[in-house]
Enquirer: 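Can you read through this structure? Questions will come right after.
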Amino acid sequence: HGSNERCAQGPCLRGLGLPRAPRSMKRPAEGDADAAEAAAAAAADSDSSDGEEEEAGALPQAGGEAAAAAGGGAQAAALGFGRRKKSQVVLSDGRVVSVKVRNHVNPLLPHFQKPVPVPAGGDWDKVFRDPSKPIVLDIGAAKGRFCLEGARRFPDFNWLGIEIREPLVVRANEWSKEESLGNLHYIFGNASAGVAGLLASMPTGGLRRVTIQCPDPCFKKKHQKRRMVTNRLVEELAEHMPSGAVLFVQSDVAQVAMQMADTIASVAPGAFVRVERLPAAMGEAAGCNAEPAIEPVRRVRATAGRDYQDKDVGGGEWEHKGAGAIEGSYNWLPDNPLGLMSERESSTISRGLPMFRALFQRVERQAAAPAAPVVAAVAANEETKKAPE
């Protein structure tokens with residue numbers, strides 16, 4: 001298993017990205033029509049139990065040795081085997097996989113060690129219908145519903161999501177195409193491996209908001225090196241975010257939010273300042289006439305979940321610890337200033353649990369401050385020249 005080679009039970013379908021046969025479905029004996037019919041009924045029940053419709057001609061559900069030798073889901077699909085569920089997508093390398101992916105990914109794996117790619121080679125006219133609109137960048141977009149709702153309710157902004165799990169990116173872009181949303185796009189990439197090229201390629205002054213919401217907590221000490229908000233990420237954001245743009249971070253785990261705030265305060269001192277709300281003039285500065293309200297995402301049914309707010313992260317110790325605190329307090333925001341909830345935030349709030357939020361605004365670094373006395377001295381000298389002798 002795990003390859004396209006034959007095994008004792010016939011061609012291995014897992015190597016093609018195919019779902020396993022139901023455990024209850026046994027191979028019928030040769031010539032046993034009743035057993036074959038029962039097996040087919042069991043397979044139909046298994047497919048319908050997910051509540052997902054199927055599309056024809058995209059994914060082989062079964063096949064012979066020729067399908068296994070094809071070396072991928074796309075080739076097998078071309079042979080005309082079976083159907084593809086809506087819960088499955090075709091990746092960039094032709095594999096057909098399920099969108100039911102793991103919640104946690106190791107960003108340090110070799111194939112993730114490359115910067116986030118620039119879409120369309122930097123031609124933003126091919127990415128957004130109107131590239132002159134201000135951009136909201138959501139780092140760690142997950143399933144993409146935050147950006148999807150934002151694009152629907154906030155059409156004056158272009159929404160761009162980055163996600164490390166490619167199946168979720170493919171499906172989210174399919175949603176965008178289905179609704180003809182010209183202000184929405186998702187990119188498959190690892191933000192902790194570098195976003196400088198992506199940010200530098202954006203239209204000048206176009207990036208107005210960056211959001212990092214509920215990243216992987218990496219609870220174990222040995223997994224702390226996998227954190228999304230690294231020194232490198234903060235340095236690149238500080239270098240490429242224009243003055244006046246805002247950075248919003250939040251988590252349902254207090255220590256994760258503390259880590260993010262500490263890293264921002266320590267790595268980019270003077271580049272970001274804490275603010276309590278979105279700047280009133282941001283819409284005008286970003287090319288919008290006003291800041292229209294965005295309603296929260298309403299969840300039809302809240303699901304039970306665990307309370308992680310007080311859980312230790314990395315043994316309770318991390319780099320830059322305490323750098324983001326103000327007089328010993330992090331002064332978390334009581335409400336979401338964007339007015340638009342991510343799926344994780346909506347789930348957390350629905351269970352009566354707190355979120356830990358902070359909003360930063362990009363400002364000119366304080367290194368330019370010493371020039372002020374010089375300007376004052378020049379002005380005083382001019383006044384002295386004007387004064388009567």
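For this chain, numbers begin at 1 and follow the sequence in order.
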Enquirer: Kindly indicate whether a cation-pi arrangement holds for K133 with F128, taking the cut-offs as under 6.0 Å to the six-membered ring centre and within 45° of the axis.
Expert: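 The answer is no, since K133 fails at least one limit relative to F128.
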
Enquirer: Nearest 0.5 Å please: distance from the CZ atom of R274 over to the CD atom of Q361.
Expert: 13.0 Å

Enquirer: For C218 versus V313, what's the shortest heavy-atom pair and its separation?
Expert: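 Reported closest heavy-atom pair: O-CG1, 3.8 Å.
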
Enquirer: Is the CD atom of E179 crowded by more than 12 outside heavy atoms at less than 6.0 Å?
Expert: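 Enclosed: over 12 neighbouring heavy atoms sit under 6.0 Å from CD of E179.
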
Enquirer: Nearest 0.5 angstrom please: F146 CZ to Q213 CD, how far?
Expert: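 Here the interatomic distance stands at 4.5 Å.
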
Enquirer: Check the pair E235 / R232 against salt bridge (charged side-chain N to carboxylate O under 4.0 Å, His left out), numbers first and verdict last.
Expert: CA-CA 5 Å; E235 289 171 353; R232 174 179 179 174; over 6 Å; no

Enquirer: Just verifying a value: how many Å separate L247 CG and L137 CG, rounded to the nearest 0.5 Å?
Expert: 10.0 Å

Enquirer: Would one find more than 12 heavy atoms of other residues, nucleotides or ligands at under 6.0 Å from atom NZ of K321?
Expert: yes

Enquirer: Could you check whether the rings of F154 and W159 sit parallel, tilted or perpendicular, using 30° and 60° as the cut-offs?
Expert: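 Tilted: the ring planes of F154 and W159 meet at 30° to 60°.
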
Enquirer: Once you round to the nearest 0.5 Å, how far does CG of L108 lie from CZ of R226?
Expert: 6.5 Å

Enquirer: Looking only at heavy atoms, what is the nearest atom pair of R357 and P334, with distance?
Expert: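 Shortest heavy-atom contact: NH1-O, 3.0 Å.
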
Enquirer: Could you check whether Y330 and D262, counting side-chain N and O atoms only, form a donor-acceptor pair closer than 3.5 Å?
Expert: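 Present: a donor and an acceptor within the cut-off.
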
